[in-house]
Trainee: 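Before I ask anything, let me first share the structure, which is written out below as structure tokens.
Starting from 1, each residue takes its place in the sequence as its number. Since the model is a prediction, treat every value here as computed from it, not as a measurement.
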Amino acid sequence: MKPSYLTEMFRTELMKQWLGYDDQKSMENFFESVALERNIPIVGLDNIGETMYMLFDREPFHWQCKELLKVIEYPENEVKQERAIRDMYRDGRLTDLAYQVEGPNNTTSISFSDYKVYCARNQQWVKRLQPYLAEGGAFITLNALYLGGEKGLLQLLRAAGYRVRPVNRGLRAKEKQ
């Protein structure tokens, strides 16, 4: 097993234990089940080769080992980062998401090199999404870290001429009541 795989397994367990994450109730599973029930096609933004490369081979082995060690030694940093990301997303502070990863205070396994990969993937995804967006009614789900910043998916879609709007406007205000 590659260290990056172990890192992801360990992070998932951390999120389950410390943040109550339930992979059976994840958004990915929810949206997939709704799409399947309604016979709506599901299209991945990466092919399997790209996904495998991104997960296991894009970082040198020694760097993967360092990231795994960081997660094991300082699990609280991973949880703190995840909480911050969730809060920023819920508050609509999507630009802050990018700076959470690329900023100098980031001491987690999500590194600046990860952010650079997110940016490169976003550029690919805008091109791949165009046929589906042209049909209208496309619904896109992905990790919130891909959304914000100058090179985030939302900004790239706007720059390509698409109208981007939130679907959960006012959600945070309702939660506080």
Trainee: Closest heavy-atom contact between Arg86 and Leu19?
Mentor: NH1-CB, 3.7 Å
Trainee: Would you say Asp91's side chain and Arg93's backbone share a donor-acceptor pair under 3.5 angstrom?
Mentor: no
Trainee: Determine, stepwise, if the pair Arg11 / Glu82 fulfils salt bridge (Lys or Arg N to Asp or Glu O under 4.0 Å).
Mentor: CA-CA 10 Å; Arg11 283 189 90 253; Glu82 193 67 26; 3.5 Å; yes
Trainee: Test side chain to side chain contact (heavy atoms under 4.5 Å, CB included) on Leu157 and Leu133 and set out the steps.
Mentor: CA-CA 10 Å; Leu157 286 169; Leu133 295 172; 3.8 Å; yes
Trainee: Taking Asn77 for its side chain and Val71 for its backbone only, find out whether a donor-acceptor pair lies under 3.5 Å.
Mentor: no
Trainee: Enter the distance from Phe56:CZ to Tyr5:OH here, rounded to the nearest 0.5 Å.
Mentor: 6.5 Å
Trainee: Sub-3.5 Å donor-acceptor pair from the side chain of Arg128 to the main-chain atoms of Leu45, do we have one?
Mentor: yes
Trainee: Sub-3.5 Å donor-acceptor pair from the side chain of Gln64 to the main-chain atoms of Glu59, do we have one?
Mentor: yes
Trainee: Rounded to the nearest 0.5 Å, what separation is found between the CG atom of Leu153 and the CG atom of Leu145?
Mentor: 12.5 Å
Trainee: Do Phe61 and Leu68 share a hydrophobic cluster, counting only Ile, Leu, Val, Met, Phe, Trp and Tyr and linking them when any side-chain heavy atoms are less than 4.5 Å apart?
Mentor: no
Trainee: Show your reasoning for whether side chain to side chain donor-acceptor pair (under 3.5 Å) applies to Glu67 and Thr7.
Mentor: CA-CA 7 Å; Glu67 288 185 337; Thr7 299; 5.8 Å; no
Trainee: Can a donor-acceptor pair be found, under 3.5 Å and without considering hydrogens, that links the side chain of Gln123 to the backbone of Ala120?
Mentor: no
Trainee: Calculate, to the nearest 0.5 Å, the distance between atoms CD and CE belonging to Glu13 and Met15 respectively.
Mentor: 10.5 Å
Trainee: Is there a side-chain contact between Asp22 and Lys16 (heavy atoms, below 4.5 Å)?
Mentor: no
Trainee: Rounded to the nearest 0.5 Å, what separates atom CD1 in Ile42 from atom CG in Leu36?
Mentor: 4.5 Å
Trainee: Which atoms form the tightest heavy-atom contact between Lys151 and Cys119, and what is the distance?
Mentor: CB-SG, 3.4 Å
Trainee: Crowded around Glu150 CD? As in, over 12 foreign heavy atoms under 6.0 Å?
Mentor: no
Trainee: Is Val117 linked to Trp63 within one hydrophobic cluster, defined over Ile, Leu, Val, Met, Phe, Trp and Tyr using a side-chain heavy-atom separation of less than 4.5 Å?
Mentor: no
Trainee: Same cluster or not: are Met9 and Tyr74 linked, directly or through other Ile, Leu, Val, Met, Phe, Trp or Tyr residues, by side-chain heavy atoms under 4.5 angstrom apart?
Mentor: no
Trainee: Checking Glu32 now: which residues fulfil side-chain hydrogen bond (donor to acceptor under 3.5 Å, both in side chains) with it, not counting sequence neighbours?
Mentor: none
Trainee: Can you list every pair that meets ring pair (Phe, Tyr, Trp, His ring centres under 6.0 Å) and has a residue in residues 144-165, with sequence neighbours left out?
Mentor: Tyr118-Tyr146, Trp125-Tyr146
Trainee: Main chain of Leu55, side chain of Ser4: is a donor-acceptor contact present, judged purely on distance under 3.5 Å?
Mentor: yes
Trainee: Testing the basics here: between Leu97 and Tyr89, what is the closest heavy-atom pair and its distance to 0.1 Å?
Mentor: CD2-N, 4.3 Å
Trainee: Run the side chain to side chain contact (heavy atoms under 4.5 Å, CB included) test on Lys80 and Arg83 for me, step by step, so that the C-alpha distance in whole Å, both residues' side-chain angles and the decisive distance to 0.1 Å come before the verdict.
Mentor: CA-CA 5 Å; Lys80 181 180 173 185; Arg83 280 188 179 124; 5.8 Å; no
Trainee: So which atom in Val126 and which in Ala160 form the shortest heavy-atom distance, rounded to 0.1 Å?
Mentor: CG1-CB, 4.1 Å
Trainee: Answer yes or no: is there an ion pair linking Asp57 with Lys2, defined by an N-O contact shorter than 4.0 Å?
Mentor: yes
Trainee: To check you understand the geometry: which heavy-atom pair defines the closest contact between Trp18 and Val79, and what is its length?
Mentor: CE3-CG2, 2.8 Å
Trainee: Honestly curious: do Ile40 and Ile140 fall in one hydrophobic cluster under the side-chain, below-4.5 Å linking rule?
Mentor: no
Trainee: How far apart are the closest heavy atoms of Arg158 and Val164, and which atoms are they?
Mentor: NH2-O, 3.7 Å
Trainee: Distance from Leu156 atom CG to Leu147 atom CG, nearest 0.5 Å?
Mentor: 11.0 Å
